[in-house]
Amino acid sequence: MPQFWLLKCEPNAYSIHDLVRDGRTKWEGIRNYQVRNFLRDTMEVGDLGVFYHSNAAPSGAAGIVRISQSRLADPSQFEASAAGFDPKSNRAQPTWLMCEVEFVECFAQVVALETLRAERGLAEMQILRRGNRLSITPLTEAEFDIIGRLGRSFTEAGERGIPAERGQRTRG
DNA sequence: GCCAACGTTGGC
DNA sequence: GCCAACGTTGGC
C-alpha cells in the first residue's frame, strides 16, 4: 500500500518542467526535523506524491511523482561551502536525509491554491492550514485522488487555473 | 516588499 | 527549561 505525500518546491528553484526534463531528481536540502522524521521513518519507495509549486503565480499542484529512493543521506550537509552545511552531522549517522522522486505526470495547468481551498474534500490538508511551512507533508489517499482528478480536469480552453469540469472520474 | 506564522538559537 | 530575538517561509 503506497502512502501519499505533498512535496513543495519553488519553481524558480526547481519546477515540474525541470522534472519532466530530468526524469528523476534528488529532493535535497531539507533542514527541518519534522520533515526529516517523515523521510527517516515513514516514506517508502513506491509512495506517490503531489508536486506543489510554492511562491509561484499561481502557487498550486503541478503534477504527480513517485518516490524512487528513500532514506538517502543528503550530501550537502557535509559540504562546508553548501548552504545546508551542518558541522554537527557526521557520515556514520547523518542528521539530514533526502529522497529521490521520479516523474509520473504533469498537469496541463497548475491546480491553483485557490482551487484547492475551495475543495471540501481538501479542507483538512496540512498545506492549507495557516502558517504551514513543512516542505513535505502526508496526504490521505482521498486527498491525493481529489488533487489528481482536479489536475486531469483541465481542457485546453481553461486558461486561468480553473478546472473546466469536476465530473466523477476514477484514478488511473 | 509586507507581514503572519512558526522554527531555531542562545542567554539566563 | 523558559522565552525573546532572530531567521525563514510563503501567500499576497
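Only heavy atoms go into these numbers, but all of them, side chains included; no hydrogens, no water, no symmetry mates.
- Of the candidates A:Trp27, A:Tyr33, A:Trp5, A:Trp5 is the only one forming a ring pair (Phe, Tyr, Trp, His ring centres under 6.0 Å) with A:Phe38.
- When each of A:Arg130 and A:Asn55 is assigned the nucleotide of DNA chain B bearing its nearest heavy atom, the one mapping closer to the 5' terminus is A:Asn55.
- For the pair A:Arg117 CZ and C:dG11 P, the interatomic distance rounds to 8 Å; values are reported in whole Å.
- Among the nucleotides B:dC6, C:dG11, C:dG10, the one closest to any side-chain atom of A:Arg133 is B:dC6.
- Computed from coordinates, the A:Asn32 CG to B:dA5 P distance equals 19 Å when rounded to whole Å.
- When the side-chain nitrogen and oxygen atoms of A:Tyr52 are compared with OP1 and OP2 of C:dG11, one or more of them lie within a distance under 4.0 Å.
- For the pair A:Arg31 CZ and B:dT9 P, the computed distance is 12 Å after rounding to whole Å.
- The CD-C1' distance, from A:Gln126 to B:dC6, rounds to 14 Å in whole Å.
- If you take CG of A:Asn132 and C1' of B:dA4, they are 13 Å apart, rounded to a whole angstrom.
- Of all nucleotides listed (B:dA4, B:dT8, B:dC6), B:dT8 comes nearest to the side chain of A:Tyr33.
- Electrostatic pairing of A:Arg71 and A:Glu44 counts as a salt bridge here, judged by a charged N lying under 4.0 Å from a carboxylate O.
- In this structure a side-chain-to-backbone donor-acceptor pair under 3.5 Å is missing from A:Arg24 to A:Val101.
- A distance-only check finds no donor-acceptor pair linking the side chain of A:Arg31 to the backbone of A:Trp96 [under 3.5 Å].
- In this structure, CD1 of A:Ile136 is placed 12 Å from P of C:dG10, rounded to the nearest angstrom.
- Computed from coordinates, the A:Lys88 NZ to B:dT8 C1' distance equals 10 Å when rounded to whole Å.
- The nearest whole Å value for the distance from the CG atom in A:Leu134 to the C1' atom in B:dC6 is 10 Å.
- Proximity of A:Lys8 to the phosphate of C:dG10: a side-chain N or O atom is located under 4.0 Å from OP1 or OP2.
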